[in-house]
Amino acid sequence: MTETVITVQGTARAEYSPERSILSFTIAADGPDRTDAVERVTAALDRVSAAIADRHDATAGPVSAWSADRVSVTAGRPWTNDGSVAPIVHRAAVSGRATITGLDALPELVEAIAAEELAMIDGLEWSLTEGRRTSVLTEVRSRAVKDAVTKATIYAQSIGLGSVHAVALADPGMLGDPGAGSGPQPRMERVAMMASDARGGAFSLRPEPIVVEVAVDARFVAR
């Protein structure tokens, strides 16, 4: 009986709506007086922390977790336009993160933080919950294997053979074929987009879908 070895790469791609967002922010103040800069940042952090804490519930959300670093202080003497050294400037700053699972509440929280004169929203990172991420990867990996079977079957039929039987499945590049592994690796893209008026305006939050791409190398025997 004629047998032919067929090696293919199966791929799959899917998009899913984000289920949570990680919001990062910074609060900073500059000034000639170190104590004043620290006090201004500390006061602003207290107000931001209160706004987040009011929404914090580890199980029910909308904020499931949050944290803030300690206030740090640096100092430097900036150069002036005429080339001279200006008086020393102290900079106090603190950064924080909040994980939001109740996405309907996200615009309100973003506005509450941005309303602070010293606060800046650094970014939003959209993602899936851990449980959902596991099920999504399982689903897309299964589709990648089915894609490999389909490809191998088509190749076999094109040379007059009827059936294919898998003899090896592996992540890209692990079957030892020269040049293998150039296809998409298992990955999950998380994209954040945020458009807003700089201060006091309404925020328009436009999360991109979570893109999941998986590739699998497969070897079959066709008969």
Side-chain angles (χ1 to χ4, degrees), residues 8-26 48-69 94-114 119-153 166 168-175 180-196 202-218:
V8 298
Q9 183 174 88
T11 61
R13 183 181 187 276
E15 297 183 356
Y16 300 89
S17 297
E19 294 178 311
R20 67 181 179 185
S21 178
I22 298 177
L23 181 154
S24 57
F25 63 89
T26 300
V48 169
S49 297
I52 296 175
D54 286 345
R55 299 166 172 83
H56 177 233
D57 188 313
T59 56
V63 177
S64 59
W66 70 281
S67 64
D69 300 330
V94 62
S95 60
R97 290 161 58 91
T99 301
I100 299 94
T101 52
L103 297 185
D104 290 343
L106 180 59
E108 180 184 1
L109 179 58
V110 169
E111 290 190 25
I113 296 175
M120 176 178 293
I121 304 295
D122 297 323
L124 293 170
E125 182 180 309
W126 306 92
S127 65
L128 303 173
T129 59
E130 292 303 319
R132 179 62 170 155
R133 183 179 185 277
T134 299
S135 64
V136 159
L137 287 174
T138 298
E139 176 184 342
V140 180
R141 282 176 174 139
S142 177
R143 288 172 53 187
V145 172
K146 292 177 181 178
D147 181 59
V149 173
T150 299
K151 285 181 179 178
T153 300
L169 290 172
D171 289 336
M174 296 185 67
L175 291 184
S182 58
Q185 305 292 311
R187 64 193 182 105
M188 184 174 295
E189 297 177 353
R190 295 170 295 183
V191 182
M193 294 182 65
M194 180 175 67
S196 68
F203 281 79
S204 175
L205 304 175
R206 304 191 304 273
E208 290 288 328
I210 306 299
V211 179
V212 182
E213 292 182 306
V214 171
V216 60
D217 287 351

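All of these numbers come straight from a predicted model, not from anything done at the bench.
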Distance, nearest 0.5 Å, that separates CD1 of Ile113 from CD1 of Ile52:
4.5 Å
Check Ala98 against Val63 and note the closest heavy-atom contact, atom names and distance.
CB-CG1, 4.4 Å
Are the side chains of Ser49 and Trp66 in touch, meaning some heavy atoms are under 4.5 Å apart?
yes
Measure across Thr11 and Ala215 and return the closest heavy-atom pair with its distance rounded to 0.1 Å.
CG2-CB, 4.1 Å
Go through the steps for Arg132 and Tyr16 under the test side-chain contact (heavy atoms from CB on, under 4.5 Å), then give the verdict.
CA-CA 10 Å; Arg132 179 62 170 155; Tyr16 300 89; 3.4 Å; yes
Leu23 side, atom CG; Ile100 side, atom CD1 - distance, nearest 0.5 Å
5.0 Å
Heavy-atom closest pair, residues Glu15 and Pro209
OE1-CG, 3.6 Å
Check side-chain hydrogen bond (donor to acceptor under 3.5 Å, both in side chains) between Thr129 and all other residues, then give those that pass, not counting sequence neighbours.
Glu19
Can you tell me how far the CG atom of Leu103 sits from the OG atom of Ser21, to the nearest 0.5 Å?
6.5 Å
Using the side-chain contact (heavy atoms from CB on, under 4.5 Å) rule, take Val136 and Arg133 through it: C-alpha gap first, then chi angles, then the decisive distance, then the call.
CA-CA 5 Å; Val136 159; Arg133 183 179 185 277; 5.7 Å; no
To the nearest 0.5 Å, atom CG of Leu106 lies from atom CD of Glu111 at 10.0 Å
For the residue pair Val216 and Arg141, establish whether any side-chain heavy-atom pair is separated by less than 4.5 Å.
no
Return the NZ to OG1 distance between Lys146 and Thr153, rounded to the nearest 0.5 Å.
13.5 Å
Show your reasoning for whether side-chain contact (heavy atoms from CB on, under 4.5 Å) applies to Asp217 and Asp171.
CA-CA 6 Å; Asp217 287 351; Asp171 289 336; over 6 Å; no
If you apply the rule side-chain contact (heavy atoms from CB on, under 4.5 Å), what do you find for Arg97 with Thr99, and how did you get there?
CA-CA 7 Å; Arg97 290 161 58 91; Thr99 301; 5.9 Å; no
Answer yes or no: is there a side-chain heavy-atom contact under 4.5 Å between Arg13 and Val212?
no
What are the two closest non-hydrogen atoms of Ala51 and Ala112, and how far apart are they?
CB-CB, 4.4 Å
Of all heavy-atom pairs linking Ile210 and Trp126, the shortest is CD1-O, 3.5 Å
Whether over 12 other heavy atoms sit under 6.0 Å from Asp54 CG
yes
Ion pair Lys151/Asp147, N-O distance below 4.0 Å
yes
Distance from Leu128 atom CG to Arg20 atom CZ, nearest 0.5 Å?
8.0 Å
How far apart are the closest heavy atoms of Leu169 and Ala218, and which atoms are they?
CD2-CB, 3.3 Å
